[in-house]
Amino acid sequence: MKPILIPIVLLFAPAMALAATAEERGLDIAKEIEVRDSGFHDFKATMSMLLRNKHGEESLRDMRNQTLEVDNDGDKTLVVFDEPRDVKGTALLSFSHKMGDDDQWLYLPALKRVKRIASRNKSGPFMGSEFAYEDISSQEVEKYTYKFIDEGEHEGIPSFILERYPVDPNSGYTRQQVWVDKERYIALKIDYYDRKNSPLKTLVFRDYRQYLDQYWRADEMYMENHQTGKSTLLTWKQYEFRSGLDDGDFNKNSLKRAR
Amino acid sequence: MKAWRWVLLLIPGLLSAGEWSGFIELQGRYFPQQAQDRDQSGQLVSIVLQPEYYQRWDKDKQSLLFIPFLRWDSEDDERTHGDIRELIWTYAGDGWETRAGIGKVFWGVTEALHLVDVINQTDLVENPDGEQKLGQPMFKLSLEQTWGILDLYALPGFRERTYPGEAGRLRTHPHVDTDQATYQSDREERHIGLALRWSHFIGDWDIGLAHFNGTNRDPLLIPDLNNRGEVVLIPFYEQMHQTSLDLQATKGDWLWKMELLHRSIDSGSYNAVTGGFEFTLVGIADSDMDLGLLGEYLYDDRGDDASTPFENDLFIGLRLTANDVEGSELLAGVIKDLDDDGWMFNLEASRRIGNDWKTSAQIRLWSDIPVDDPLYAFHRDDYLEFTLTRFF
């Protein structure tokens with residue numbers, strides 16, 4: 001069969017490529033990004049945010065992040081705050097979902113209270129920073145529709161340029177333009193457009209490092225708000241992949257223990 | 001188990017150093033109205049020191065938390081007090097957890113009143129809202145399974161509620177004499193309480209079902225004479241069974257909440273419920289600010305005989321979250337008694353300054369409270385509070 005089949009495939013292949021619409025090409029790239037980043041199982045890392053306003057005044061946020069990959073759904077994440085001091089020990093548990101609202105619980109250590117919170121607010125500032133919750137939560141293919149725009153370069157790296165459109169009506173954006181490294185399939189830069197389709201923010205990923213010979217993570221994510229002149233530099237440190245986390249590390253009890 | 005045995009378990013951890021943090025706080029309160037009693041002061045200055053020691057070891061499976069608390073108050077000797085808020089050892093197993101020591105536990109979902117929260121005694125001298133709690137001695141075993149979390153508590157030892165002294169505001173008339181407290185149980189404060197709670201979440205729903213058997217944290221206040229022949233109120237602590245349910249549905253921008261309980265005590269069994277909603281308007285007026293609208297109904301089937309003032313009341317509130325760098329927040333609300341003209345107003349606001357400082361303000365007003373309402377004791381105690389906190 002094989003000798004016959006291959007010519008048939010070859011015959012149809014060029015036609016299929018031509019038939020691929022910009023939407024299909026965009027979706028294929030998004031799927032490839034996800035495929036290459038799946039199977040990491042879990043990781044731990046520290047996050048520090050340097051917030052700067054247009055007068056140059058700075059403020060610091062320190063957190064620790066634990067993430068567990070969930071098959072066929074969004075990741076589970078536990079974030080514990082260390083700075084500023086008044087929120088030290090406060091922790092956020094999120095079960096993100098491919099479709100619909102995420103499940104989120106906030107732990108307030110002074111009262112020992114675990115509060116289930118409304119997660120529909122994806123677009124608000126995360127801890128007063130220029131990152132919205134939707135910018136740093138689990139990036140699932142299903143959360144956007146896509147369109148391939150062009151090929152180009154970001155800082156000399158050959159890139160695909162895609163647009164993606166949030167499916168969730170509560171998103172703060174109409175669209176995002178993403179520069180994707182053609183070779184490594186990782187985001188290099190994202191331009192965010194607000195609900196009125198005006199340029200809002202730009203996120204640049206810097207100093208990518210590869211973990212377990214597969215998973216690329218940027219040491220720095222620099223978000224600049226063009227409308228307010230504020231910026232946030234998010235620095236990731238002490239990445240530890242496959243650190244032995246499991247489901248038991250992501251429940252209301254572990255949220256209270258986290259600190 | 002004898003106490004020294006689990007103290008021995010702690011030693012390996014104590015050999016390696018943990019971390020200290022905590023805060024120091026300066027508080028001022030001003031009462032604009034003339035007090036009901038000449039002995040009561042018109043303003044106060046107060047200082048709190050609450051250090052915190054935390055250490056973990058054994059691959060983070062074991063930890064020790066120690067939080068002593070000290071308050072000095074310029075006016076009220078009863079408000080000048082100390083407590084061990086927490087001194088607790090935790091062991092986190094695979095699918096289970098155990099804790100032993102002095103700890104703090106919170107149950108519930110509603111905002112106006114924490115009805116089902118029963119493990120810890122209220123440190124009432126701290127704030128009339130009753131949210132500050134005294135440390136409770138406990139052994140806890142917790143099972144974390146696919147069907148939810150089951151917590152089992154043994155509570156050896158009981159803490160008496162704190163009450164303001166004669167010079168303090170926000171107190172009953174006559175004042176409560178805590179030195180003469182009496183108990184229904186012959187074992188008095190050594191009676192061992194037991195509690196059990198199952199909690200779980202299914203999709204948008206969070207549910208908690210609990211039973212508590214032990215000394216009622218809410219005493220009856222019985223008029224009697226003290227050794228100087230003055231009329232005082234003496235706390236009487238009964239035994240009780242409490243069965244409770246707390247429920248929250250999280251539907252988009254809406255939170256639907258309910259707490260329900262049945263209490264059996266010799267002085268009269270009763271049912272009570274608190275329930276309502278919180279609706280959040282995200283990014284109001286094209287800003288980063290969120291505005292929450294809260295409404296809750298508070299009911300107690302003892303009616304006017306209830307020891308709580310909230311027997312048929314409506315709470316309406318606003319929560320403004322600025323989402324700014326300073327984490328500015330404001331919560332304002334009114335609780336209105338539906339049977340008479342009485343209402344109370346409450347405002348709490350806070351804002352961070354830099355990384356280590358925080359300021360907060362509080363206003364509480366009581367208005368048109370009828371003489372037979374428990375809140376009548378506070379009807380001249382409207383106050384304005386300002387706090388400055390330094391975290392370290």
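In the text below, chain A, chain B and the rest are named by the order of the sequence lines, each starting its count at 1.
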Please state whether the side chain, the backbone, both or neither of Phe95(A) comes within less than 4.5 Å of a heavy atom of chain B.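 Side chain only.
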Counting only heavy atoms closer than 4.5 Å, note whether Leu111(A) contacts chain B via side chain, backbone, both or neither.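 Interface part for Leu111(A): both.
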Pick from Gly248(A), Ala118(A), Gly124(A) with the largest number of heavy-atom pairs that fall under 4.5 Å of chain B: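 Sorted descending by pairs with chain B, the first entry is Ala118(A).
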Tell me, out of Gly203(B), Gly252(B), Ala92(B), who's got the most heavy-atom pairs with chain A below 4.5 Å.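 Maximum pair count with chain A is reached by Gly252(B).
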With a 4.5 angstrom heavy-atom cut-off, could you sort out which part of Leu65(B) is near chain A: side chain, backbone, both or neither?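 Contact with chain A: side chain only.
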Which bit of Phe392(B) comes within less than 4.5 Å of chain A, counting heavy atoms only: side chain, backbone, both or neither?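 When you check distances to chain A, only backbone atoms of Phe392(B) fall under 4.5 Å.
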Can you list every donor-acceptor pair under 3.5 Å that links chain B to chain A?
| residue | atom | partner | partner atom | Å |
| --- | --- | --- | --- | --- |
| Glu19(B) | OE2 | Lys88(A) | NZ | 3.1 |
| Glu52(B) | OE2 | Arg259(A) | NH1 | 2.6 |
| Glu52(B) | OE2 | Arg259(A) | NH2 | 3.4 |
| Arg56(B) | NH1 | Ala258(A) | O | 3.4 |
| Arg56(B) | NH2 | Arg259(A) | O | 3.1 |
| Glu86(B) | OE1 | Lys112(A) | NZ | 3.2 |
| Glu86(B) | OE2 | Lys112(A) | NZ | 2.9 |
| Glu97(B) | OE1 | Arg257(A) | NH1 | 2.5 |
| Lys104(B) | NZ | Ala110(A) | O | 2.8 |
| Val109(B) | O | Arg113(A) | NH2 | 2.8 |
| Thr110(B) | O | Arg113(A) | NH2 | 3.4 |
| Glu111(B) | OE2 | Arg113(A) | NH2 | 3.0 |
| Ser142(B) | OG | Asn253(A) | ND2 | 2.7 |
| Glu144(B) | OE1 | Asn251(A) | ND2 | 3.4 |
| Glu144(B) | OE2 | Asn253(A) | ND2 | 2.9 |
| Glu144(B) | OE2 | Arg257(A) | NH1 | 3.1 |
| Gly203(B) | O | Arg116(A) | NH1 | 3.4 |
| Gly203(B) | O | Arg116(A) | NH2 | 2.9 |
| Asp206(B) | OD1 | Arg116(A) | NH1 | 2.3 |
| Asp206(B) | OD2 | Trp105(A) | NE1 | 2.8 |
| Asp206(B) | OD2 | Lys252(A) | NZ | 2.8 |
| Gln248(B) | NE2 | Arg116(A) | O | 3.1 |
| Asp286(B) | OD2 | Lys196(A) | NZ | 3.4 |
| Asp290(B) | OD2 | Asn121(A) | ND2 | 2.8 |
| Val325(B) | O | Arg61(A) | NH2 | 2.8 |
| Arg352(B) | NH1 | Asp86(A) | OD1 | 3.1 |
| Arg352(B) | NH1 | Asp86(A) | OD2 | 3.2 |
| Asn355(B) | O | Arg85(A) | N | 3.2 |
| Asn355(B) | ND2 | Glu83(A) | OE1 | 3.3 |
| Phe392(B) | O | Arg85(A) | NH2 | 3.3 |

Using the side-chain contact (heavy atoms from CB on, under 4.5 Å) criterion, which residues pair with Leu320(B)? Sequence neighbours excluded.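 For Leu320(B), the residues satisfying side-chain contact (heavy atoms from CB on, under 4.5 Å) (neighbours in sequence not counted) are Ile284(B), Met289(B), Leu291(B), Leu330(B).
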